[in-house]
Amino acid sequence: MNNLYEIIGNLLAAFVVGLLAALVPKAKAWFEANTNAATQENIRRLVQSFARAAEQLYHDQDPSGEVRQKFVQEQLRALGVEITEAVINMIEGAVWEINTENKKALVLTGERSGNCGCQ
């Protein structure tokens with residue numbers, strides 16, 4: 001009878017080890033994928049915030065946008081973000097959003113004041 005309990009215990013131990021061996025890589029892959037997505041979202045938010053700050057600080061002094069882009073990149077580097085092509089594209093996207101919002105605001109302001117520029 002003791003041999004039966006020992007065999008069942010060994011089978012259960014083997015089953016648990018096999019289950020862990022199958023689940024650990026999947027759990028690790030899921031964790032890395034979700035962490036990566038969360039990290040990307042944090043970087044996107046930082047880029048948007050720094051781009052808006054750069055616009056506020058340097059809009060009148062920097063018509064070409066070079067100083068603003070340098071400011072955003074320096075702020076990101078200070079937080080340990082590596083400036084890759086993807087991050088540069090995020091910066092460009094944030095700038096596009098800011099410019100689009102500014103153009104909409106100008107149109108709305110022009111319509112409300114009666115200076116729509118219409119003939």
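For reference, positions follow the sequence shown, starting with 1.
Judged as a side-chain hydrogen bond (donor to acceptor under 3.5 Å, both in side chains), and not counting sequence neighbours, E74 has no contacts. Residues passing the side-chain hydrogen bond (donor to acceptor under 3.5 Å, both in side chains) test with E41, sequence neighbours excluded: R44, R45. For Q73, the side-chain contact (heavy atoms from CB on, under 4.5 Å) partners at least two apart in sequence or on another chain are Q69, R77, I83, I88, I91. Under the side-chain hydrogen bond (donor to acceptor under 3.5 Å, both in side chains) criterion, E97 pairs with Q48, sequence neighbours left out.
For residues 47-58, the salt bridge (Lys or Arg N to Asp or Glu O under 4.0 Å) pairs, not counting sequence neighbours, are R52-E101, E55-R68. Counting only residues at least two apart or on different chains, no ring-ring contact (aromatic ring centres under 6.0 Å, His included) pair has a member in residues 76-106.
Going from atom CG of N102 over to atom NE2 of H59 covers 7.0 Å, rounded to the nearest 0.5 Å. The CG atom of L76 sits 9.5 Å away from atom CE of M90, with the distance rounded to the nearest 0.5 Å.
Residues A54 and V72 share a closest heavy-atom pair of CB-CG2, 4.0 Å. Here the shortest heavy-atom pairing between V87 and E82 reads CG2-O, 3.5 Å. Closest approach of A94 and V47 over heavy atoms only: CB-CG1, 4.0 Å.
Environment of CD in Q56: sparse, with no more than 12 heavy atoms of neighbouring residues, nucleotides or ligands closer than 6.0 Å.
When the side chains of ILVMFWY residues are joined at heavy-atom separations under 4.5 Å, either directly or via intervening members, I98 and I43 end up in two distinct hydrophobic clusters. Both L12 and L4 are part of a single hydrophobic cluster, where members link through side-chain heavy atoms under 4.5 Å apart. V81 and F71 fall within the same hydrophobic cluster, where Ile, Leu, Val, Met, Phe, Trp and Tyr residues are linked whenever their side-chain heavy atoms come under 4.5 Å apart, directly or through other members.
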Audit row: F50, L79, side chain to side chain contact (heavy atoms under 4.5 Å, CB included) steps and yes/no
CA-CA 12 Å; F50 290 141; L79 293 176; 3.8 Å; yes

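A donor-acceptor pair is defined here as one N or O able to donate and one able to accept, closer than 3.5 Å; such a pair exists between the side chain of N89 and the backbone of E85.
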